[in-house]
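Residue numbering restarts at 1 for every chain, and letters A, B, ... go by the order of the sequence lines.
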Protein chains: 2
Amino acid sequence: MLKISKKADYALMALQHIASVQFGDVTPGRVVNTKEIAEEYNIPLELLAKVLQVLSKNGLIESHNGPKGGYLLARSARQITIAQIIESIEGPLAITDCSHEKEGEFCMQREHCNIRTPLLKIQDSIYQLLNNMTLGDMMGGTPLITIQSPSAQGVEQ
Amino acid sequence: MLKISKKADYALMALQHIASVQFGDVTPGRVVNTKEIAEEYNIPLELLAKVLQVLSKNGLIESHNGPKGGYLLARSARQITIAQIIESIEGPLAITDCSHEKEGEFCMQREHCNIRTPLLKIQDSIYQLLNNMTLGDMMGGTPLITIQSPSAQGVEQ
DNA sequence: TGATCTCCGATCAATTTGGTCGGACTAAGA
DNA sequence: TCTTAGTCCGACCAAATTGATCGGAGATCA
């Protein structure tokens, strides 16, 4: 049902938290450690740690070792898109198996497949959607989604 | 990675096939049986059968019993949206667990959850996208996707 | 009445995902 | 310089989901 994984959920929560501490009014620039986030949001510590490791390996956050260590955003919240976060954890967006098929792999249905092209179009649209929304958008009261359907109105709930 | 299931893939292929036979030039109105579709697209027969059963139970296609039986679209291809097909197989679109949370269920993170609202907005946009594209669009050379981002440019990484 | 088809439920195997454990390395503070 | 709190990293296990299979019941047409 087009679900994003819990790990990606945790990643989003953590990044949002780090961003709000780092750029907030109370303790700007403060480093945030794994335990703090895990307790705040009731996320299993070990699992969150692994998620943060991946995010740091992929260059979204910086890790600082040792006591008083923790994580910082690697760049501004406006420069980190939701697509980057999700793909960082889950790998490239692939709505259907054949969308990133390499040479050698083969899809049994490919021969007469009639849905590949339209599905790829849909995938592309979803990617656009996720890539147009940044961490920054998720925080402030700013408009969240700039991409809109010209024919779709009354969507604000 | 936001993947739709194989079953949903099969459903899309099958419906596309039924539609193209039913409204095609060669044998318009002809009933299509499970075996024909399974062989054409190399889909395991039993699995496809189950998919078609669900589609018919959900009113997307009509089944005709007995020999020379088979399936027909329950309404025109333009009146069947991709969202209807996918939801028929996979259940309601839920990008994140808490999006259709009932009373009684509870999300451990809910208390301080900071990402629920933006995620629901994204989910809504994806739904719009899928619901604006019909089976009919998937077939003809007609424009596939009407929803487009007015402001999305230059974000390609 | 028999062959051919859909219908339906139960079940199994494989993959993915959520979650855990243990040890190595790093840096601040006593 | 030694200790300790923290990150880092890889291997591992368990549960849930998904893909796929099997067997029989009920309809329909020749």
Less than 3.5 Å apart, which donor and acceptor atoms pair up between the side chains of residues 67-77 of chain B and the rest of the protein, not counting sequence neighbours?
from	atom 1	to	atom 2	distance (Å)
B:R75	NE	B:Q79	O	3.1
B:R75	NH1	B:G59	O	3.4
B:R75	NH2	B:Q84	OE1	3.0
B:S76	OG	B:R78	N	3.1

Exercise. Near DNA chain C, under 4.0 Å by heavy atom, which residues of residues 5-19 of chain B?
Worked result: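 Heavy-atom contacts with DNA chain C come from no residue of residues 5-19 of chain B; none.
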
Exercise. Heavy atom of residues 46-54 of chain A under 4.0 Å from DNA chain C: which residues?
Worked result: A:E46, A:L47, A:K50

Exercise. For the side chain of B:N131 and the backbone of B:Y127, is there at least one donor-acceptor N/O pair under 3.5 Å apart?
Worked result: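 No: the side chain of B:N131 does not pair with the backbone of B:Y127.
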
Exercise. Do B:I37 and B:V31 belong to the same hydrophobic cluster, where Ile, Leu, Val, Met, Phe, Trp and Tyr are linked whenever their side-chain heavy atoms lie under 4.5 Å apart, directly or via other members?
Worked result: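 Unlinked, B:I37 and B:V31 end up in two clusters.
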
Taking [atom1] from [X] and [atom2] from [N], how many angstroms apart are they, rounded to a whole number?
X: B:L72; N: C:dT6; atom1: CG; atom2: P; answer: 12 Å
X: A:E62; N: D:dG6; atom1: CD; atom2: P; answer: 20 Å
X: A:D97; N: C:dT15; atom1: CG; atom2: P; answer: 12 Å
X: B:L45; N: D:dA20; atom1: CG; atom2: P; answer: 13 Å
X: B:I37; N: C:dT6; atom1: CD1; atom2: C1'; answer: 13 Å
X: A:E90; N: C:dT15; atom1: CD; atom2: P; answer: 20 Å
X: B:N65; N: D:dA27; atom1: CG; atom2: C1'; answer: 5 Å
X: B:I89; N: D:dT17; atom1: CD1; atom2: P; answer: 18 Å

For this session: Assign each of A:P67 and B:P44 to its nearest nucleotide of DNA chain D by heavy atoms, then name whichever residue's nucleotide is nearer the 5' end.
Result: A:P67

For this session: For A:K68 and for B:I4, find the nucleotide of DNA chain D with the closest heavy atom, then tell me which residue's nucleotide is more 5'.
Result: A:K68

Exercise. Taking only N and O in the side chain of B:S56, is any of them less than 4.0 Å away from OP1 or OP2 of C:dT6?
Worked result: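 Answer no for this pair, as no side-chain N or O of B:S56 is under 4.0 Å from OP1 or OP2.
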
Problem set entry | Nearest heavy atoms of A:L2 and B:L130, plus distance in Å |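 Result for this residue pair: CD1-CD1, 3.9 Å.
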
Exercise. Between B:E90 and A:K3, does at least one N-O distance fall below 4.0 Å, as a salt bridge requires?
Worked result: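 Salt bridge absent between B:E90 and A:K3.
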
For this session: Would you tell me whether B:T96 and A:D9 have side-chain atoms, one donor and one acceptor, within less than 3.5 Å of each other?
Result: yes

To the nearest 0.5 angstrom, please state how far the [atom1] atom of [X] sits from the [atom2] atom of [Y].
X: B:M138; Y: B:M13; atom1: CE; atom2: CE; answer: 9.5 Å
X: B:L52; Y: B:I43; atom1: CG; atom2: CD1; answer: 8.5 Å
X: A:Q22; Y: A:R30; atom1: CD; atom2: CZ; answer: 10.5 Å

